[in-house]
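Indexing begins at 1, ligand by ligand and atom by atom, following the structure's order.
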Amino acid sequence: MRAWPASEVPALPGKGRDLRIFDTSTQGLVTLDPGSVARLYVCGITPYDATHMGHAATYNAFDLVQRVWLDTQRQVHYVQNVTDVDDPLLERAKRDGERWEDLAERETALFREDMIALRMLPPREYVGAVEAIPEIIPMVERLREVGATYELDGDIYFSVAADPHFGEVSGLDTATMRALSAERGGDPERPGKKNPLDPLLWVAAREGEPHWDGGSLGPGRPGWHIECVAIAVNRLGMGFDIQGGGSDLAFPHHEMGASHAQALHGEYPFARTYVHAGMVGLDGEKMSKSQGNLVLVSQLRRDGVDPAAIRLALLAHHYRTDWDWTDALLDEAVTRLARWRAAVSRPDGPPAQPVVDAVREALAHDLDSPAALVAVDAWATEQAERGGDDEGAPGVVSRTVDALLGVAL
Ligand code: ZN
């Protein structure tokens with residue numbers, strides 16, 4: 001699948017900082033040592049509706065990860081998927097009397113436009129579930145060979161008992177896992193399962209639903225977790241640096257994905273760290289399609305909002321916190337953007353290197369983007385109130401904001 005074009009990332013003076021980030025599985029900060037090519041997998045969208053602020057906040061967090069790594073002169077091998085066949089997509093297409101392929105293609109195209117507008121760096125590989133089916137089938141067959149699967153009325157389940165590390169990604173107790181499984185696409189109540197938490201690897205063909213020739217698996221379609229495992233492991237290998245997504249993916253999606261991969265390869269871990277972004281709400285409710293309270297990036301763009309202001313509104317929150325979108329936040333971001341643009345529009349100003357250092361330091365410390373904004377704010381205030389005679393400083397600050405925060409001034 002085609003990704004989207006990258007915006008230029010300017011090089012900055014001085015040295016980038018190594019990233020320390022909060023790992024869900026160990027519940028602590030980890031200093032990553034990714035080598036010359038850092039490896040990142042972020043779970044992509046299920047394209048049945050437009051990009052809302054919750055998605056944008058998640059991709060913003062992992063865009064910062066990329067930018068911190070690029071600033072340390074590393075290359076980044078970033079892979080993202082598109083779940084372009086799954087229950088919610090099929091249900092929406094059926095409800096609207098539309099072909100599911102058309103819905104997926106349209107919403108994926110809109111997502112690309114949103115990502116370009118927000119200056120999110122693209123993944124090196126952008127892979128759809130449908131195009132990954134030929135990779136997924138042999139993986140399910142191998143899991144069957146190692147005894148990690150069982151069949152129920154033609155459906156193939158993964159047995160969580162096959163992975164001794166099951167439960168270590170999310171660290172949740174069984175009752176919580178069971179409740180979340182029911183909420184988030186699992187089927188813990190289905191009779192005949194060995195463990196209520198066991199997820200589907202291969203869904204046998206159902207009347208009126210798309211299916212593919214699964215070879216020895218029979219006609220059907222892949223489960224959600226194995227899709228990401230195939231796409232990630234076949235491109236990044238085991239033990240890649242970060243598996244990322246929204247906090248609602250920690251369980252079951254990332255837990256199951258890790259267990260699939262670990263049972264398959266007999267190796268541990270699937271990813272070295274599991275990083276999760278907080279949820280964005282509106283009026284005290286989680287922003288989600290099912291709640292019908294979405295603030296859409298594309299709608300704001302149609303309303304004439306500068307995407308750079310949307311990005312600044314996202315950056316004003318630490319990625320791990322849950323927060324609410326409000327109109328006042330957007331107003332603040334618009335004001336900040338105007339102040340920053342005015343401050344960099346002069347030929348000289350206060351020294352820039354302290355700002356470069358402060359933004360680097362803030363982001364390297366668990367992507368503390370609010371602290372990065374404070375540093376740029378302080379420079380802009382100094383520029384507005386007293387100015388400075390450092391020639392070229394505004395250009396350096398502008399390139400810093402572009403390279404590390406993804407905002408073009
Ligand atoms: Zn995923």
Side-chain angles (χ1 to χ4, degrees), residues 1 3 23-25 39-49 51 54-59 61-63 65-66 77-89 104 107-108 111 115 120 122-133 135-136 139-140 143 158 160 163 166 168-170 177 180-181 183-186 197 199-203 221-264 269-277 279 288-289:
M1 194 169 275
D23 171 34
T24 302
S25 64
R39 295 172 296 164
L40 170 67
Y41 185 89
V42 181
C43 291
I45 55 164
T46 301
Y48 66 100
D49 216 333
T51 320
H55 297 128
T58 296
Y59 297 113
F62 296 100
D63 189 67
V65 167
Q66 277 213 78
H77 190 169
Y78 172 24
V79 180
Q80 188 183 129
N81 70 304
V82 186
T83 304
D84 56 359
V85 62
D86 201 9
D87 294 337
L89 175 76
E107 294 302 343
T108 305
F111 176 73
M115 292 297 102
M120 303 289 182
R124 187 189 291 184
E125 291 169 284
Y126 193 46
V127 187
V130 171
E131 63 187 346
I133 287 174
E135 304 177 32
I136 296 168
M139 238 175 212
V140 177
L143 278 167
F158 174 76
V160 297
D163 174 30
F166 175 74
E168 291 181 12
V169 171
S170 58
M177 286 198 278
L180 289 176
S181 168
E183 263 174 49
R184 298 173 180 170
L197 299 174
L200 279 161
L201 288 168
W202 189 254
V203 187
R221 62 183 165 92
W224 175 30
H225 318 305
I226 192 69
E227 165 201 339
C228 279
V229 172
I231 295 170
V233 171
N234 286 342
R235 288 161 187 78
L236 299 173
M238 288 292 282
F240 59 90
D241 296 293
I242 292 182
Q243 154 83 85
S247 59
D248 55 348
L249 296 189
F251 192 89
H253 188 51
H254 291 170
E255 189 73 65
M256 296 303 176
S259 277
H260 290 358
Q262 286 153 191
L264 183 74
F270 172 53
R272 290 158 77 184
T273 51
Y274 297 86
V275 177
H276 294 107
M279 295 287 112
S288 72
K289 287 152 198 169

J.: Do Thr83 and Glu227 pair up side chain to side chain, a donor and an acceptor below 3.5 Å, judged on atom types alone?
T.: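 Yes, because at least one side-chain N or O of Thr83 sits under 3.5 Å from a partner of the opposite role on Glu227.
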
J.: Taking only protein atoms, how many N, O or S atoms are found under 2.8 Å from the Zn ion (ligand 1)?
T.: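 The number of such protein atoms is 3.
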
J.: Suppose we screen for side chain to side chain contact (heavy atoms under 4.5 Å, CB included). Which residues come up paired with Thr108, at least two apart in sequence or across chains?
T.: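 For Thr108, the residues satisfying side chain to side chain contact (heavy atoms under 4.5 Å, CB included) (neighbours in sequence not counted) are Met1, Pro47, Val82, Arg112, Tyr126.
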
J.: Is the distance between the ring centroids of Tyr41 and Tyr78 less than 6.0 Å?
T.: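 No.
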
J.: Return the CD1 to CG distance between Ile226 and Leu200, rounded to the nearest 0.5 Å.
T.: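 Separation between the atoms: 12.0 Å.
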
J.: Do His254 and His225 have ring centroids that are under 6.0 Å from one another?
T.: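 Here the rings of His254 and His225 have centres that are no less than 6.0 Å from each other.
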
J.: If we ignore angles and hydrogens, is there a donor and acceptor under 3.5 Å between the side chains of Ser25 and Glu168?
T.: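 No, no side-chain donor-acceptor pair sits under 3.5 Å.
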
